[in-house]
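Just so it is clear, the model here is predicted, and its values are computed rather than measured. All ligand and atom numbering here is 1-based and tracks the order in the structure.
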Amino acid sequence: MKSILVTGGAGFIGSNLIKHLVFKYPDYNIVNLDLLTYAGNSENLKSVENERNYTFVHGDICDRELIERVFQHYYIHGVIHLAAESHVDNSISHPDIFIETNIKGTFTLLDVAYKYWMEKPFEYKKGFENNKFLHVSTDEVYGTLGATGLFTEETPYAPNSPYSASKASSDMLVRSYHHTYGMETVITNSSNNYGPKQHDEKLIPTVIRKALSGENIPVYGDGKNIRDWLYVLDHCKGIDIAYHKGKSGEVYNIGGKNEQNNNYIVAKICELLDQKVPKNGKSYKAQISYVEDRAGHDFRYAIDATKIETKLGWKAAENFDSGIEKTVQWYLKKYEF
Ligand code: NAD
């Protein structure tokens, strides 16, 4: 049985990914290493916790001794690395932890994998050949776009927030372990995800929660910032395919071709709530309230996913209308409406 180490599996994308992997690959032992920071939630893993091919390890990706023990004890054959500090707003108020977790944590994992899997540069140990390190990153490393254009894998890095700068740094470390040591690596850079199990702090859960509680629904600036929204399960399937079929040393952008600005997102959620939980003739849109913009707020992100579509055969199954319907339904249950 091959053991794959998934880091950050108690978070939003990680928990959706683990559910997908545990049931799709009964012959893999999925080892989830997560520190359970404020962003991690073991409730997210209820559906897999009793599966025989799932193991949880509580710990920090920066703790080298622990990572070494995990590699040895579980005989780790592959890594899918998601653990990170992930909220841009927090990176503006408290950047230090982003540097620690996203950069030093990624370095620690890479370096332990190198020492455990490889004899020397470009030579894997016997029994460890082709072990792969997949690093889950973000389109925010490319900076911001104007009204037109798309991020491709060739777009130069230009991160603008401490979050995206820390992710860009971690991508560079992964790149260096491929080029210097010959480690088999793949990097995926995905656009904004949405769907079940996202932390309350993020835009879509915040809109739903504030709407239902009758509070103001906060929208940054003029609400015209554009993101390319990707349903989380589509992202997980992209990670799966990139891990199994991706070419070593390559980067794959994953995006939903669903560019929407925040005004559209908030209005769409309010319309769905108006239908599903009507509020005595008044629309939830009346609660929308514009607040001071995020410092250094990137205007537009949009992904060209042609490479993963044509080379690996991935395609997003959800469009925004179908994905947001499922998402709102899930949060209505979570918030007991
Ligand atoms: P999240 O914040 O929901 O989850 C992060 C998880 O990492 C949590 O379970 C947390 O407990 C864990 N963690 C944090 N620090 C840790 C540490 N030091 N050691 C071990 N575990 C630790 O994040 P997410 O939205 O699921 O994002 C997962 C990954 O995907 C991140 O690397 C993020 O940069 C990337 N990404 C996210 C998006 C998005 O829209 N959410 C888009 C593109 C890429």
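Residue Y163 approaches ligand 1 through these ligand atoms, each under 4.0 Å from one of its heavy atoms: 33 (C), 34 (O). Within ligand 1, counting atoms from 1 as listed, the ones closer than 4.0 Å to a heavy atom of V136 are 30 (O), 32 (O). Short contacts between ligand 1 and N192, defined as distances under 4.0 Å to a heavy atom of the residue, involve ligand atoms 40 (O). Below 4.0 Å from some heavy atom of S191 lie the following atoms of ligand 1, by number and element: 42 (C), 43 (C). Close approach to L36 involves these atoms of ligand 1, each under 4.0 Å from a residue heavy atom: 11 (O). Interface of S86 with ligand 1, defined as ligand atoms under 4.0 Å from a residue heavy atom, comprises 1 (P), 2 (O), 23 (O).
Environment of NZ in K315: sparse, with no more than 12 heavy atoms of neighbouring residues, nucleotides or ligands closer than 6.0 Å.
At a 4.0 Å heavy-atom cut-off, ligand 1 does not touch D139 at all. Contacts of K167 with ligand 1, taken as heavy-atom pairs under 4.0 Å, involve the side chain alone. Under 4.0 Å from ligand 1, heavy atoms of T37 appear from its side chain as well as its backbone.
Checked for salt-bridge contact, D200 and K334 meet the test: a charged N lies under 4.0 Å from a carboxylate O. For the pair E68 and K115, the salt-bridge criterion is not met [side-chain N within less than 4.0 Å of a carboxylate O]. A salt bridge between K285 and E271 is present, with a side-chain N of the basic residue lying under 4.0 Å from a carboxylate O of the acidic one. Looking at E325 and K276, a side-chain N of the basic residue comes within less than 4.0 Å of a carboxylate O on the acidic one, giving a salt bridge.
Geometrically, ligand 1 and Q198 share no nitrogen or oxygen pair separated by less than 3.5 Å.
Under a cutoff of 6.0 Å and an axis angle of 45°, K326 and Y231 form a cation-pi pair.
Residue contacts with ligand 1 leave out C62, since none of its heavy atoms falls under 4.0 Å from the ligand. Within the 4.0 Å heavy-atom cutoff, G9 does not count among the residues contacting ligand 1.
In this structure, a donor-acceptor pair under 3.5 Å is absent between the side chains of D304 and T152.
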